[in-house]
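One structure is given here, and the rest of the page talks about it.
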Amino acid sequence: MAQDGIGASVRRKEDFRFLIGRGLYTDDIKRPGQTHAYILRSNQAHAELRKVDTEAAKRMPGVLAVFVGTDMEADKVGGLPCGWLIKNKDGSPMKEPPHPPLAIGRVRHVGDPVAVVVAETREQAKDAAERIEVDYKPLPAVASIAAAIKPGAPQIWDVAPGNTCYDWHIGDKAAVDAVFAKAHHVAKIDLYNNRLVPNAMEPRAAIGEYDAASGDYTLYTTSQNPHVIRLLMGAFVLHLPEHKLRVYAPDVGGGFGSKIYHYAEEAIVTWAAPKVGRPIKWTAERSESFMSDAHGRDHLTHAEMALDKDGKFLALRVATNANMGAYLSTFASCIPTYLYATLLAGVYTTPIVYCEVRAVFTNTVPVDAYRGAGRPEATFLLERLVDIAARDMKMDPVAIRRKNFIAATAFPYQTPVALQYDSGNYQATLDQALKAADWAGFEGRRAEAKKRGKLRGIGVSTYIEACGIAPSNVAGALGARAGLFEAAEVRVHPTGSVTVFTGSHSHGQGHETTFSQLVADQLGIPFDNVEIVHGDTAKIPFGMGTYGSRSLAVGGTALVKAVDKIIAKGKKIAAHMLEASEADIEFKDGKFTVAGTDRSKAFGEIALSAYIPHNYPLDQLEPGLDETAFYDPKNFTFPAGCHICELEIDPQTGTTHIAKFTAVDDVGRVINPMIVEGQVQGGVGQGIGQALLENCVYDKDGQLVTGSMLDYCMPRADDLPSIGVATHATLCAHNPLGVKGCGEVGAIGSPPAVINAVVDALRDYGVKHMDMPATPMKVWQTIRAASPKQAAE
Amino acid sequence: MYEFNYQRPKSLADAAKALKSAGDGGKLVAGGQTLIPTLKQRLAQPSDLIDLGGLKDLAGIKVEGGKVTIGALTTHAEVAHSAAVQKAIPALAALAEGIGDPQVRNRGTIGGSVANADPAADYPAGVVGLGATVHTNERTIAADQFFTGLFTTALKPGEIVTAVSFPVPQKAGYAKFPNPASRYCVVAVMAAKTADGVRVAVTGAGPSVFRVKEMEAALGKNWAPAAVDGIKVAPANLNQDIHASAEYRAHLVGVMARRAIEAAG
C-alpha cells in the first residue's frame, strides 16, 4: 500500500483552506453590485392571504424591489417540482399540490415565503419587510399526523382529501395475514419516529445573477447536487434553457440531505436578478433554517412480527403514516416508500413482509431525506421490534438475531421487499462488536452500577441499509423522475498531472482527498498531482450529486471507469512509442511496460506525447488524454453492521449517560480509514442526538415551539461518548472498488441500539418501549409511572 | 438589529446620567450575552445603548472582612477561575463555571446577569442562597429584596449594579440540572450554611428565584443530605415547558437540594 494510496489515512487536503478561514462558501461570495434579499415568511400555520400590501415597503430607504407570489405567477413561474411519483394501492398517482416559490392565496406553514424584499443592504431589506402589511385570515391548522388523519380534520389541499398524499403498499397482504393467523406469537410495537431539524452548520444561501449582455444566468447556491438544481429550476420553474444557466455550489458546510432539494429561495433570487438588474444574495438566518429547511423523519407506525415457537421470524406487517409537511419537497415521496419499506427485511430471513404507508399533509415545514432517509426509520422499527420479540419469547436479544440472520453463504440474497443483497457477513460484524463491547461482562457492570444507584443497560442493533442510489431503470420503474448515474472526467495535462471533474459534491465528506487517493493509486502518480473539481455546472459533466452515501460507490466507480479509459488509451500510445503490440503493454505503478522486458514509458511521457503528438499514431488515435465516463449502478450497495450502546440512567433525574458506544460497520473496501471513522462518528453523533436529545415540536396550532437552539437540542461534545469504530469489510460484488458507502451507517444503526439500551436499563420497571428522544423528563416519568414508590425515593 | 445611539461613558456618574436622560429607551450593556442576541433578533428596540465596558473600576474580585466582593463587570470566567473565590466560596466558583459555554463565560458578567433576572439564570440562586448584597450606584440591596419577579428586580430607573458582595459561608454547595438544549437552569439549588442560618435558594423552577424555608429549617437542625428527604415543593406555581413539567421541576428541586448539600460537604 502506498503511503497515500487506497487504504491510507491521508489527512484531508481540503482542511487547510477551511482551517485558515479561506474556504469559499456561498455567503463569502461578493458579486459586483450585489444586492440583498430578505424573505418575509408566514407567521401563521394556515391562513388565507387576503391582501399583501407592499406599497409602504417599496418606499423604504435602499429598497430596489418587492415581489409577491402573484408577481411570479404573472411571469408564468412554475411550482417547485417533486422528483418521484408514488402510486396509490389502486394504481392512481399520488396527489401533487402546487408549490409556488412565494405563496399565492394561502399560506400553509409557519415559514412559508410570502414576499421578497430586495435592497442595498440586508438590514434595509429587513426594515422594509416590517412595513409589508399582510392581511391573514387564519384557518384551522393540523400540525401533526394524528391531527391530520382524524375524520373531519381541516383540509390543507382541496386536491388531497383527508390530507392524504398517497396510500401505498408493498407485499402481499393476504399472504402475510395468513401467516399471522397461524403464528405461535405476534410481537407488536407502536412508535413515533421523532421529527428532526437537520441544522447543517452553514445555513442555506443563494445568489442569483443575470448577465444582460450574454443572457446567461448564474445561481450560486448551497447545494449537494448543482446539476439537479439546474435541471429542476431551469426546466420546471423558471423555464430557462440549461445552456444559459450555470449553477455553482462552492464549499458547502454540511448538508445531511437538507441541501439536496430545490428550494424557493433559489428560484426567487434567479428570477428577480434580471428585474433588479443586479445580483441578489439571500442568506438564511438560523431561525429561518428552522422554519424553511426540509425536516426529517416524522413517522407514526404500528408494526407486528409473527414468530414460530423457536423465535424464527415468519412475517412482518407494518402500517406507517408519514408526515410530508405542507408541500411535497423534491424527494419527499420516495423516502417513506422505496427507501423505507424495502429495508424492512433487515438482515433477517423473514420470508414475507407487508407494509402500507400513508403520506399525510400537515401545516408544517416539508419533510424530506435527512441522513439515512427512510432507512433509520426502518431500522429503528425493526430493531426495536426484534428486541420486543426476544423479550416476549424470553430469548436473548443476540440469540434471536443470530437465529434469523441471513447466512454469510446465502448471497446474492433476494429479500421479500424487492431488494437483492449482494454481500455481507452479519455474524462477523456482530461477533466483532460483542467482543469489542465486552457484552459478556455486562451483567457485572450492571451490578456495580446498581451499587452506585445507577441503572445500567446495554442494547444491540444489527442493521442493514441501501446506498449508492440507484440503477436508473429500476428507479424509473418505481416512479423516479430522474436518472441516478454519476459522471466523472479525468483530464490528464501534458506534464502528467491530473484534474478530475466529478459530478459528486463534497460538503464535508472529504472527496478531494478520497478521490485523489483513488486516482493517484490507479494511475501510479503522486497524490499531490491530482486536483478534484466539483460543484460547478460550467466545469463538470452532468452529475447527480451527493446523497444516500453514493459518492464513492457511484461517483467513485465513474471515476474508475474514466481512469480505465485513460489507461487503455495510454496503452495504445505506449505500444506505438515502444514499437510493441498493444496487447503486450502492461500498466503498473505509473509505467507502461512491454511485458517481460525492461522497456517502458512513464505515465508523464505518455501524457506529453498525447499533447505533442510528433511520434504518435495519428492515423488511428486522436491526440489528447482526457476521458469522461458515466456510470449507472447495477444495484444498490448494502452496508450493514452492528452497533452496541451501553449506558447508565440516573433514576433520580432520568438523565442518561452513554458509557460506551461500539460500532462495527461493513462499508465494503475502505479507501481512507480516517475519513470513514469520522463519518461513522458523525453519524453516530446524530443518531444519539435523535435517540436522546433532538425533537422538533409544533404546538397544536402549528407554531414551531423548537424554533431555535434554545429549545431544539443538538448533540454537543459532552453529550457524546468516545465512539469505538471498527470496520469489517465484505466487498460489494458489483462495483470495481468493492465499496458500499459510509455516510449514513452511523445515523441508521445507532438510534435503536441506544433505545434498546434504555429499555434494558429500565427492565425492572416493566418498560417495553420508549419513543425517542429519551429525554430526562420522559425517562423520569416512565420510571415514576411504573413504580411511583421507587421514583419518589 | 434596529438602529440606536451608542454611548460609552467614562465614569459611573456619566453612565447614570446617560441612562437617566435616555429614559425608557435606554439600555445598559455589559457582556451583552442576553441583550445582543435580543437586538439581533429585533426583539428589542432601545434608543440608546450605554456600554459599561469603559468602567474598568467595576471589574475585579476582592476578598476581605469575611466577604467576597465581585465587581459588576467581572466575567463568569474570572469568577470561575479566581483562586480567591475558589478558596473562599468554592460553590460560587462552581456556579460560574457552569454558566453557558466558554464564549458566554468569557463575555457575560455578574452585574448583567443579576440585573437581567432571567428566571433560568444561575446567579440568582447564588446571590439569594448565599445571602449576598447587591451594590448599586445609589444604595445597597439585600438579596432577598433584589429579585422581585420574572425578569424584574428592585432596581429603579437609572440605577446601575456596581458589585455583589457575598458573605463567606461556613459551607455551601450548588447543584444544577441544565436544560439539555440551552444549558440554562431547569432547576438549580444553592444551599448554604451561613452565620445567619441556613439558606436554600432555587432558580429555574419558578418565575423568579425562591427560598425553601422548610428545607432551611430542617437543615438548620441537621445539616445533612438526608434532612431534605421528603420535603416537597408544590408544583402549583412552577414553570413548565417542553423540557420539564411543573411536577418534574418540583421533583428536581428535592434532588438538586440534596446534591447541593452533598457538594457542600
Side-chain angles (χ1 to χ4, degrees), chain A residues 38 61 121-124 126-127 129-130 194 197 199 285-288 453 650-657 688-689 692-699 703-719 773-785 788 791-793, chain B residues 1-4 33-34 37-43 45 97-98 100-104 118 120 175-189 204 225-226 228-232 235 238-259 262:
Chain A
Y38 179 75
T121 70
R122 197 197 304 208
E123 287 298 311
Q124 286 175 330
K126 287 179 87 167
D127 287 342
E130 291 185 1
N194 45 328
V197 183
N199 273 313
E285 299 182 355
R286 182 61 61 182
S287 51
E288 274 186 286
D650 176 351
Q652 293 289 309
T653 61
T655 307
T656 298
H657 169 75
I688 291 172
L692 296 180
L693 305 165
E694 297 183 49
N695 197 25
C696 177
V697 179
Y698 282 90
D699 71 14
Q703 290 295 326
L704 180 57
V705 177
T706 50
S708 80
M709 299 291 185
L710 279 175
D711 285 305
Y712 187 85
C713 188
M714 294 293 286
R716 278 176 263 198
D718 65 346
D719 293 315
T775 61
M777 178 167 72
K778 196 185 285 176
V779 171
W780 175 76
Q781 285 172 335
T782 302
I783 291 173
R784 191 174 66 154
E793 278 169 9
Chain B
M1 202 178 279
Y2 297 108
E3 286 188 5
F4 48 77
Q33 294 306 289
T34 298
T38 308
L39 293 176
K40 285 173 80 172
Q41 291 175 73
R42 298 186 164 219
L43 295 172
Q45 193 169 8
E97 183 65 27
D101 52 36
Q103 289 81 359
V104 167
D118 189 310
K176 170 178 179 175
F177 189 86
N179 177 312
S182 70
R183 306 289 170 96
Y184 275 93
C185 305
V186 169
V187 168
V189 174
V228 298
D229 287 354
I231 298 176
K232 295 214 183 332
L238 299 188
N239 301 333
Q240 47 187 339
D241 54 32
I242 58 167
H243 305 285
S245 64
E247 290 75 21
Y248 184 44
R249 278 189 163 85
H251 167 76
L252 287 174
V253 170
V255 179
M256 292 301 121
R258 191 184 164 112
R259 290 183 185 179
E262 283 168 354

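Quick caveat, the model's predicted, so the values are computed rather than measured. Per chain, numbering begins at 1; letters A, B, ... match sequence-line order.
Salt-bridge annotation for A:Glu285 and A:Lys126: present, with a side-chain N of the basic residue lying under 4.0 Å from a carboxylate O of the acidic one. Salt-bridge check for A:Arg784 with B:Glu247: failed, with every basic side-chain N at 4.0 Å or more from each acidic carboxylate O. With respect to A:Asp127 and A:Arg122, no salt bridge is recorded, no charged nitrogen being found less than 4.0 Å from a carboxylate O.
Contacts between B:Arg258 and chain A at a heavy-atom distance below 4.5 Å are absent for every atom of the residue. For a residue to count as touching a neighbouring chain, one of its non-hydrogen atoms must lie under 4.5 Å from one of that chain's; by this rule A:Thr653 touches chain B with backbone and side chain alike. Contact of A:Thr655 with chain B is made through the side chain alone, with heavy-atom distances under 4.5 Å. For B:Tyr248, the parts lying near chain A are the backbone and the side chain together; criterion is any non-hydrogen pair under 4.5 Å. Contact annotation for B:Ile242: both backbone and side-chain heavy atoms come within less than 4.5 Å of a heavy atom of chain A. Proximity to chain B (any heavy atom under 4.5 Å) is restricted, for A:Asp650, to the side chain, taken from C-beta onward. Contacts between A:Gln781 and chain B at a heavy-atom distance below 4.5 Å involve the side chain alone, from C-beta outward. Looking at A:Thr706, the atoms closer than 4.5 Å to chain B (heavy atoms on both sides) all sit in the side chain, from C-beta outward.
For B:Asp118, the side-chain contact (heavy atoms from CB on, under 4.5 Å) test picks out B:Asn116, B:Ala120, B:Ala121, B:Phe151, B:Tyr184, with sequence neighbours left out.
Most heavy-atom pairs under 4.5 Å with chain B: of the set A:Ser287, A:Pro776, A:Gly654, this distinction falls to A:Pro776. Chain A forms the most heavy-atom pairs under 4.5 Å with one residue out of B:Lys40, B:Glu3, B:Arg259, and that residue is B:Arg259.
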Inset, instruction - Start with the C-alpha gap between B:Arg42 and A:Glu123, add the side-chain angles, then the distance that decides, and say whether salt bridge (charged side-chain N to carboxylate O under 4.0 Å, His left out) holds. - result: CA-CA 11 Å; B:Arg42 298 186 164 219; A:Glu123 287 298 311; 2.9 Å; yes
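No donor-acceptor pair under 3.5 Å is formed between the side chain of A:Glu694 and the backbone N or O of A:Pro715.
Using modelled atom types, one finds a donor on one side chain and an acceptor on the other under 3.5 Å when comparing A:Asp711 with B:His243.
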